[in-house]
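These notes are about the structure you will find just below.
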There are 2 protein chains.
Amino acid sequence: MAPEVGIAEVARAAGVSVSTVSQVLSGNRPVSEATRRKVTAAIENLDYRPHPGARSLRSRRTESIALLVPDITNPFYPLVAVGMQDILMPAGYLLSVVDAGSQTGSGHLLRHVLERRFDGVALHADGLSENDRRRITDSQTRVVALGSDIEIEGSDYVESDDVGGFATVVAHLLSTGRRAIGFIAGEEVADPTKLRVRGFREAFAAAGLSVAESDIVFTSFTREGGHAGVEALYARRTDWDAIVCANDLIAIGAMESLRGRGIRIPDDVAVSGYDDIEAAALVHPSLTTVENPAREIGRTAARLLLSRLSGDNADGPTQHITLATRLVVRESTASAPETRTKGMQ
Amino acid sequence: MAPEVGIAEVARAAGVSVSTVSQVLSGNRPVSEATRRKVTAAIENLDYRPHPGARSLRSRRTESIALLVPDITNPFYPLVAVGMQDILMPAGYLLSVVDAGSQTGSGHLLRHVLERRFDGVALHADGLSENDRRRITDSQTRVVALGSDIEIEGSDYVESDDVGGFATVVAHLLSTGRRAIGFIAGEEVADPTKLRVRGFREAFAAAGLSVAESDIVFTSFTREGGHAGVEALYARRTDWDAIVCANDLIAIGAMESLRGRGIRIPDDVAVSGYDDIEAAALVHPSLTTVENPAREIGRTAARLLLSRLSGDNADGPTQHITLATRLVVRESTASAPETRTKGMQ
DNA sequence: TTGAAAGCGATACCAG
DNA sequence: CTGGTATCGCTTTCAA
């Protein structure tokens with residue numbers, strides 16, 4: 001409805017050329033204090049707002065960055081978003097969170113996002129096809145990969161120490177005497193799944209124990225995945241004394257199913273999660289888990305992107321940053337009663 | 001890194017004019033099947049992607065829509081986002097979720113978002129200053145307001161029936177014999193707060209009871225708000241037999257504080273929330289609450305925006321849509337033991 | 001320190 | 001059904 005004022009009107013009102021107005025806005029070259037004031041006043045009066053399309057057409061920058069997440073309702077990702085905001089907002093960038101959600105793979109949506117010419121994009125590299133990765137490499141868009149060590153040529157990545165974190169929680173269970181430990185993992189092809197499986201094996205190896213393949217079932221990173229996982233595990237055997245889950249949502253679902261079967265937690269079966277989402281402390285019994293530093297991951301990813309964009313470090317060597325995790329012990333893995341250690345194994 | 005191919009190269013490769021390529025892309029005018037195929041092939045071969053800046057510069061549309069939320073870590077909003085995606089994705093729009101988060105008011109960020117020239121923006125109207133609202137009216141950007149009946153001239157809005165929903169849960173508590181009912185509300189100035197307070201009063205009025213002002217405390221829509229709210233209520237009196245909360249996060253926080261004081265839920269004090277976030281079913285005791293149809297709100301908002309953008313209904317009268325809510329009774333408000341009704345009031 | 005003018009890459013109008 | 005071309009609103013180079 002507004003008469004849509006352009007840079008020309010501003011120039012006229014201020015009695016200067018459009019170039020000068022542009023320079024005042026960008027600060028790309030010195031402008032005398034007097035003209036700067038005239039221009040700023042005109043901008044204010046006319047409520048002038050530069051057209052971002054026109055701007056990006058010339059400058060090849062959009063001052064906006066996207067976070068492409070597989071599932072925005074998974075509380076882990078909003079925290080990553082907040083971490084990115086911490087860094088990007090002060091730097092004048094707008095962060096857009098895009099949910100890949102229902103999309104089969106992020107392939108189609110990835111194209112969509114790359115087409116938008118965001119200056120930078122943060123995303124999970126796993127689930128990306130060879131094709132997608134090349135598309136990223138070919139595009140102008142700076143990318144930082146999250147939580148995965150998949151290589152995208154020329155892209156930095158930041159991950160948390162999934163292998164170590166998962167090994168820690170498994171070691172914790174072993175140390176409390178649990179031995180019949182089932183593992184409900186996420187999608188088998190997902191990168192976090194592979195890392196957490198690795199951690200699982202490492203913990204067993206470190207304790208001099210071996211893992212039966214049938215102790216691991218693959219589902220999805222959701223509550224429903226937890227339900228399915230419990231069914232699958234109990235179809236194989238029924239004497240589990242611990243179930244470790246690839247994330248908190250799975251664990252919460254698993255606890256629901258266990259309760260449905262009349263199994264007591266942690267007395268009969270200990271349960272652990274991963275991520276330490278808010279709900280982990282709220283469920284009953286409260287859930288032992290591993291803190292996945294989501295917000296810090298976001299901050300780090302944002303810093304990496306900015307350092308690439310601002311030129312200082314535009315062409316430095318690829319960086320791989322690993323953030324530490326922390327075991328959070330709660331009620332769901334309280335030590336087994338004395339009686340159990342006798343009966344088992 | 002790619003040699004950045006433009007529409008001209010595509011035209012050359014296909015042996016047609018740039019206009020024709022453009023028409024094939026937009027479908028704005030008939031194109032013969034033969035040329036369409038040539039053009040599509042050229043686009044594919046060259047991996048051509050139109051520059052959105054250039055495009056929006058001429059067409060004045062960006063094919064993207066923003067959802068501006070006050071706190072992306074509040075699980076209510078991701079659900080709204082998913083609902084919007086349901087509708088927008090098939091229509092070819094990209095949805096960007098922008099977190100106002102730490103921003104004081106959404107004022108500054110609102111400007112930022114309006115400057116980006118999204119085709120449409122969904123946001124909460126409360127918390128907007130008179131100035132902000134006029135800015136919206138003046139801008140080209142179509143806006144739909146969420147969960148609030150604040151008028152933005154020319155903008156549609158969609159809300160859930162907060163007044164009715166809240167009255168229902170309060171009526172439920174009254175019907176189980178609770179009379180000393182405290183209310184932990186959100187920020188006093190927030191619009192949802194006002195509506196829920198109204199529902200609170202209505203339920204009392206309908207039962208022929210009156211509300212003491214001191215029964216209502218204002219905090220914030222977070223778990224910490226719940227903690228603070230309990231402290232504030234118990235500073236006034238200590239014989240509460242029910243506490244209703246303006247949302248689930250507050251309720252969860254309140255339950256934590258009550259437990260800290262050795263108060264049993266629901267035996268001593270019943271607690272209720274609002275929104276029915278996932279955690280409400282997971283906490284112990286599980287939380288009685290009101291389902292706030294977040295996803296449906298998102299869908300409705302998206303439909304409203306699209307109907308405005310696609311021209312059919314571009315200038316129809318302003319629409320106000322109210323969605324029904326649903327009471328979800330769980331453990332936290334189980335009927336008071338026989339003994340209590342004798343002792344109270 | 002400032003101005004003039006040449007594009008950036010698409011769309012949309014005007015012809016044919 | 002197709003082509004030519006002015007134009008969107010800005011940034012950037014070139015001159016002064």
Side-chain angles (χ1 to χ4, degrees), chain A residues 2-40 42-43 46-64 92 114-117 119 139-141 311, chain B residues 2-40 42-43 46-64 92 114-117 119 139-141 311:
Chain A
E4 220 34 49
V5 17
I7 201 174
E9 279 99 310
V10 176
R12 201 174 312 130
V16 300
S17 74
V18 293
S19 337
T20 303
V21 176
S22 177
Q23 307 314 332
V24 169
L25 257 54
S26 66
N28 275 346
R29 75 182 188 193
V31 176
S32 81
E33 192 47 38
T35 53
R36 146 164 287 113
R37 254 201 298 277
K38 282 192 297 183
V39 170
T40 332
I43 289 176
L46 300 175
D47 190 28
Y48 165 67
R49 283 161 327 198
H51 189 292
R55 175 173 274 185
S56 76
L57 182 54
R58 283 295 332 215
S59 68
R60 331 241 50 160
R61 280 173 293 103
T62 60
E63 317 277 89
S64 57
L114 289 179
E115 279 178 15
R116 300 292 168 153
R117 303 280 213 282
D119 292 343
S139 78
Q140 312 297 316
T141 311
Chain B
E4 218 36 46
V5 18
I7 199 173
E9 280 98 309
V10 176
R12 201 175 312 130
V16 299
S17 74
V18 294
S19 332
T20 302
V21 176
S22 177
Q23 306 316 330
V24 169
L25 257 54
S26 65
N28 275 347
R29 72 183 190 191
V31 176
S32 80
E33 194 47 38
T35 52
R36 145 164 289 112
R37 255 199 298 277
K38 282 191 298 184
V39 171
T40 331
I43 289 177
L46 301 174
D47 190 29
Y48 164 68
R49 282 161 326 197
H51 189 292
R55 177 173 272 186
S56 76
L57 182 55
R58 278 300 324 210
S59 70
R60 331 240 39 150
R61 280 173 292 106
T62 58
E63 316 277 273
S64 59
L114 289 180
E115 279 177 16
R116 300 292 167 151
R117 304 281 213 281
D119 291 342
S139 80
Q140 311 296 316
T141 311

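Note that this is a predicted model, so its numbers are computed, not measured. Each chain gets a letter, A, B and so on, in the order its sequence line appears, and its residues count up from 1.
Within the 4.0 angstrom heavy-atom criterion, base atoms lie near Ser22(A). Arg60(B) comes within 4.0 angstrom of sugar-phosphate atoms only, judged by non-hydrogen atoms across all strands, and of no base. Counting non-hydrogen atoms under 4.0 angstrom, Thr35(A) reaches the backbone sugars and phosphates but no base.
Straight-line distance from the CZ atom of Arg29(A) to the P atom of dC14(D): 13 Å, rounded to whole Å. To the nearest angstrom, P of dG4(D) lies 13 Å from CD1 of Ile7(B). Per the geometry, CD belonging to Glu115(A) stands 14 Å off C1' belonging to dG9(C), to the nearest Å. Whole-Å rounding puts the His51(A) NE2 to dC8(C) P distance at 19 Å. dC8(C) atom C1' lies 13 Å from atom CZ of Arg61(A), rounded to whole Å. The distance between atom CG of Leu46(A) and atom C1' of dC10(D), rounded to the nearest whole Å, is 16 Å. Residue Arg49(A) contributes atom CZ, which lies 19 Å from atom P of dC8(D) at whole-angstrom precision. Taking atom CG on Asn28(A) and atom C1' on dT13(D), their separation rounds to 12 Å, with Å as the unit.
Look at Ser17(A) and you won't find any side-chain N or O under 4.0 angstrom from OP1 or OP2 of dA4(C).
For the pair Asp119(A) (side chain) and Thr62(A) (backbone), a donor-acceptor distance under 3.5 Å is present. At distances below 3.5 Å, at least one donor-acceptor pair connects side-chain atoms of Thr40(A) with backbone N or O atoms of Arg36(A).
In this structure, the nucleotide among dA12(C), dG9(C), dT11(D) sitting nearest to the side chain of Ser19(B) is dA12(C). Nearest nucleotide to the side chain of Ser32(B), out of dT1(C), dC10(D), dC1(D): dC1(D). Side-chain proximity of Leu57(B) to dC8(C), dT2(C), dC8(D): nearest is dC8(D).
With values rounded to the nearest 0.5 angstrom, Glu115(A) atom CD is found 11.0 Å from Glu63(B) atom CD.
Counting distance only, with no hydrogens placed and no angle test, the side-chain atoms of Arg58(A) and the base atoms of dT12(D) include no donor-acceptor pair under 3.5 Å.
Along DNA chain D, the nucleotide closest to Arg55(A) and the one closest to Arg36(B) are compared, and the more 5′ of them pairs with Arg36(B). Between Val16(A) and Pro50(B), the residue anchored nearer the 5' end of DNA chain C, judged by the nucleotide with its closest heavy atom, is Val16(A). For the pair Arg117(B) and Gly15(B), both in contact range of DNA chain D, the more 5′-proximal nearest nucleotide belongs to Gly15(B).
Contact check for Arg49(A) versus Ser139(B): side-chain heavy atoms found under the 4.5 Å cut-off.
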- request: Show the numbers, then the answer: is there a side-chain hydrogen bond (donor to acceptor under 3.5 Å, both in side chains) between Ser19(A) and Ser22(A)?
  value: CA-CA 5 Å; Ser19(A) 337; Ser22(A) 177; over 6 Å; no
